[in-house]
A.B. asks: 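One structure follows; several queries about it will come next.
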Amino acid sequence: MTENGRIRTRFAPSPTGFLHIGGVRTALFNWLYARKNKGQFVLRIEDTDEVRSTEDSVTAILDSMRWLGLEWDEGPRDLASDFGPYAPYYQMKRLEHYRKYSRQLVENGAAYSCYCTKEELDVMRRQAQLEKRPPRYDGRCRALSEAQRKRLEAEGRKPSLRFKMPEEGNTLVDDLIRGQVSFENKLQQDFVIVKTSGVPTYNFAVVIDDHLMEITHVIRGDEHLSNTPSQLQLYLALGWKPPRFAHLSMILGPDGAKLSKRHGATSVLEYRDQGYLAPALRNYLALLGWSTPDSQQLFGGHELVDRFDLSGCQKSPATFDPVKLNWMNGEYIRKTPLPELVRLADPFLRRAGIEPNGGPSLDKAIALEHEKYKTLTEIPGLIEFFYKPVEFTTKAKEKVLSQPGVKQVLLELAVDLDQAEPFTDKALEQRVRQFCSIRGLKTGQVFHPLRAACTGRTEGPTLFLMLEIMGREMVVSRLKSAASGLS
RNA sequence: GCCCCCAUCGUCUAGCGGUUAGGACGCCGCCCUUUCAAGGCGGAAAUAGGAGUUCGAUUCUCCUUGGGGGCACCA
């Protein structure tokens, strides 16, 4: 906790690609924990990877976070500006801070210059692996004399800075999810804290920033657990109190490996574009590695925030299940009020080339099958027959329309329904049922051809309401046109 | 190779020494119904293996096996 007792969490992505499902799940848990505890949620961009960081990635991260509704209390506003008392929130704009503390560590003797080049280190590492030794840096530059340093620099070598790990003892990570995890110091290596370029490495920058930004709880992926002892030693050397740590289990793909690009859609924005609702994705992701004692599945409104607790976090990794996500998204769509659903569907309808000109209003059409959509992308396909010329499916043609007597039924129906007054759900049903009984036909013998003729399909919305929405003119003309195609 | 983590239905999970091992997705059956959904009801489906500790282990300990993560001048 900070001095005023506030809980502060952060999400600190590196902009080296789009924000993926695993990353955003971490963001979500930090956001939930902060909101639950009336704390603050900070967004910080860790762009110290000079070769892989891109502005497009930053934009994608900000867009993803905003779309998902994970609003941050401090952090970047856009590519050029930040807001919040600890600005800037882009690490590359914070180099002076890192410089200050790296200098301090060198002066204390806790860090030292290393003149080994990347190539030399690669050779050492390969050699070590060949000899089946652990691939650690051997600390050869630790005890360089002033003269040796001078000579290496005269060769044109630029030093990196390494942190001196203690050679004995253990570092204990006290994790909110995993409990106490112990690491042997002698197995750790003198890791680089500042690169030759003067840019800090992740392990260094993250410690400086989490401290300066008064982060109280570091909630992050499991893959960082083994970095934690290094970071803890840094806190110790700097004389700082470390934050609490909570390492979340990872998200796996269907094949059991860490979720990655090769598992299909992994970018948050892809889910948006595939018609998933932000609250549904949030709900699903929350359940990946977290649960309540009663295994509640659906969390409406603020329930997710209210019920969230780190103690409900799972230690074992979870497999991402797109099928369950689809179910949940359907649940959320069903609960979405119609006007909002129509608004959400808009870009998907445009993309599918559906315009409500001539046909019924979109909200009536969309409402008709409201309980059927699992994703927004399914909407156009389920209502397009209102707005586009009828295309008969094979099943409609073979199983329904080609049955004997259907042509006659359709023709008579066209005449009969043209007289229907009023042209509404109930009246139409009554009329068609009467039509059947007069002719001694079973309802199915009429209902099915009627649907097939008007929509081209064998399945669809409830029949008579659909006819009402379609309107007399379109219904009659489609009946005639379907009949004319039959012999 | 070394270090660390993990282990309940196919999947997400509840359980925190004594339960008919519960829920959810998916699957199967029935009902509703003009169809497809939605909804209702019901069903099949799990404690990785082996030693302990205990009157009693899904639960505690150890080992085995399996899975995952890490061992960069990437984060």
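So that the names make sense, note that chain A is the first sequence line, chain B the second, and so on, each numbered from 1.
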A.B. asks: Using a cut-off of strictly less than 4.0 Å, decide whether A:Lys324 has a side-chain nitrogen or oxygen near OP1 or OP2 of B:G26.
C.D. replies: no

A.B. asks: Need one value for A:Thr16: base, sugar-phosphate or nothing, where a base atom within 4.0 Å counts as base even if backbone is also close, heavy atoms only.
C.D. replies: nothing

A.B. asks: Out of B:G1, B:C25, B:U13, which has the shortest distance to the side chain of A:Pro135?
C.D. replies: B:G1

A.B. asks: Given B:A75, B:U34, B:A24, identify the nucleotide with an atom nearest to the side chain of A:Gln297.
C.D. replies: B:A24

A.B. asks: Parallel, tilted or perpendicular: which fits the ring planes of A:Trp290 and A:Phe308, with parallel below 30° and perpendicular above 60°?
C.D. replies: tilted

A.B. asks: Between A:Arg334 and A:Glu331, is there a salt bridge with N-O shorter than 4.0 Å?
C.D. replies: yes

A.B. asks: Once you apply a heavy-atom cut-off of 4.0 Å, does A:Gly221 come out as touching a base, just sugar-phosphate, or nothing?
C.D. replies: nothing

A.B. asks: Can you identify which nucleotide, out of B:A75, B:C71, B:G23, has its nearest atom closest to the A:Gln189 side chain?
C.D. replies: B:C71

A.B. asks: Roughly how many Å is it from CH2 in A:Trp327 to C1' in B:A37, rounded to a whole number?
C.D. replies: 16 Å

A.B. asks: Would you say a side-chain N or O of A:Lys158 is under 4.0 Å from OP1 or OP2 of B:C73?
C.D. replies: no

A.B. asks: Give a yes or no on whether a salt bridge exists between A:Glu384 and A:Arg457, defined as a side-chain N under 4.0 angstrom from a carboxylate O.
C.D. replies: yes

A.B. asks: Does OP1 or OP2 of B:A14 have a side-chain N or O of A:Ser291 closer than 4.0 Å?
C.D. replies: yes

A.B. asks: Any donor-acceptor pair under 3.5 Å joining the side chain of A:Asn227 to the base of B:A75?
C.D. replies: yes

A.B. asks: So, is A:Arg133 near the phosphate of B:C2, with a side-chain N or O under 4.0 Å from OP1 or OP2?
C.D. replies: no

A.B. asks: Decide, yes or no, whether a salt bridge links A:Glu429 with A:Arg433 under the criterion of side-chain N to carboxylate O below 4.0 Å.
C.D. replies: yes

A.B. asks: Would you kindly give the CG-to-C1' distance between A:Asp321 and B:C27, to the nearest whole Å?
C.D. replies: 13 Å

A.B. asks: Rounded to whole angstrom units, what separation is found between the CE atom of A:Met328 and the C1' atom of B:U13?
C.D. replies: 12 Å

A.B. asks: Salt bridge (charged side-chain N to carboxylate O under 4.0 Å, His left out) for A:Arg307 and A:Asp294? Distances and angles first, verdict last.
C.D. replies: CA-CA 11 Å; A:Arg307 299 211 64 185; A:Asp294 59 352; 3.1 Å; yes

A.B. asks: What's the shortest heavy-atom distance between A:Cys116 and A:Met124, and which atoms?
C.D. replies: SG-CE, 4.0 Å

A.B. asks: Regarding B:U33, can its base be found pairing with the side chain of A:Thr462 as donor and acceptor, where the two atoms are less than 3.5 Å apart?
C.D. replies: no

A.B. asks: Need the pair for B:C25. Rule: Watson-Crick or G-U wobble, both distances under 3.5 Å, any strand; none if unpaired.
C.D. replies: B:G10

A.B. asks: Between B:A14, B:C73, B:U35, which nucleotide has the shortest distance from any of its atoms to the side chain of A:Arg451?
C.D. replies: B:U35

A.B. asks: Any idea which of B:A24, B:G1, B:A38 is nearest the A:Lys374 side chain?
C.D. replies: B:A38

A.B. asks: Closer than 4.0 Å, any side-chain N/O of A:Ser226 to the OP1 or OP2 of B:C5?
C.D. replies: no

A.B. asks: Is A:Lys258 near enough to B:G70 that one of its side-chain N or O atoms lies under 4.0 angstrom from OP1 or OP2?
C.D. replies: yes

A.B. asks: Return the nearest nucleotide to the side chain of A:Leu287; candidates are B:C12, B:G1, B:A14.
C.D. replies: B:C12

A.B. asks: Classify the angle between the aromatic ring planes of A:His224 and A:Tyr202 as parallel (below 30°), tilted (30 to 60°) or perpendicular (above 60°).
C.D. replies: tilted

A.B. asks: For A:Thr196 and A:Thr292, take the nucleotide of RNA chain B holding the closest heavy atom to each; which residue's nucleotide lies nearer the 5' end?
C.D. replies: A:Thr292

A.B. asks: Looking at B:C25, B:C3, B:A14, which one has an atom nearest to any side-chain atom of A:Val323?
C.D. replies: B:C25

A.B. asks: Check RNA chain B against residues 164-175 of chain A and give the residues with a non-hydrogen atom under 4.0 Å, in numerical order.
C.D. replies: none

A.B. asks: Any side-chain heavy atom of A:Arg44 within less than 4.5 Å of one from A:Val206?
C.D. replies: yes

A.B. asks: Any idea which of B:G69, B:C73, B:U34 is nearest the A:Glu223 side chain?
C.D. replies: B:G69

A.B. asks: Select one nucleotide: of B:A75, B:C6, B:G69, the one nearest the side-chain heavy atoms of A:Asp49.
C.D. replies: B:A75

A.B. asks: Respond yes when some side-chain nitrogen or oxygen of A:Gln314 is under 4.0 Å from OP1 or OP2 of B:A14, and no when none is.
C.D. replies: yes

A.B. asks: Choosing from B:A72, B:U34, B:G15, which nucleotide comes nearest the side chain of A:Arg125?
C.D. replies: B:A72

A.B. asks: Is A:Arg136 paired with A:Asp190 through a side-chain N to carboxylate O contact shorter than 4.0 Å?
C.D. replies: no

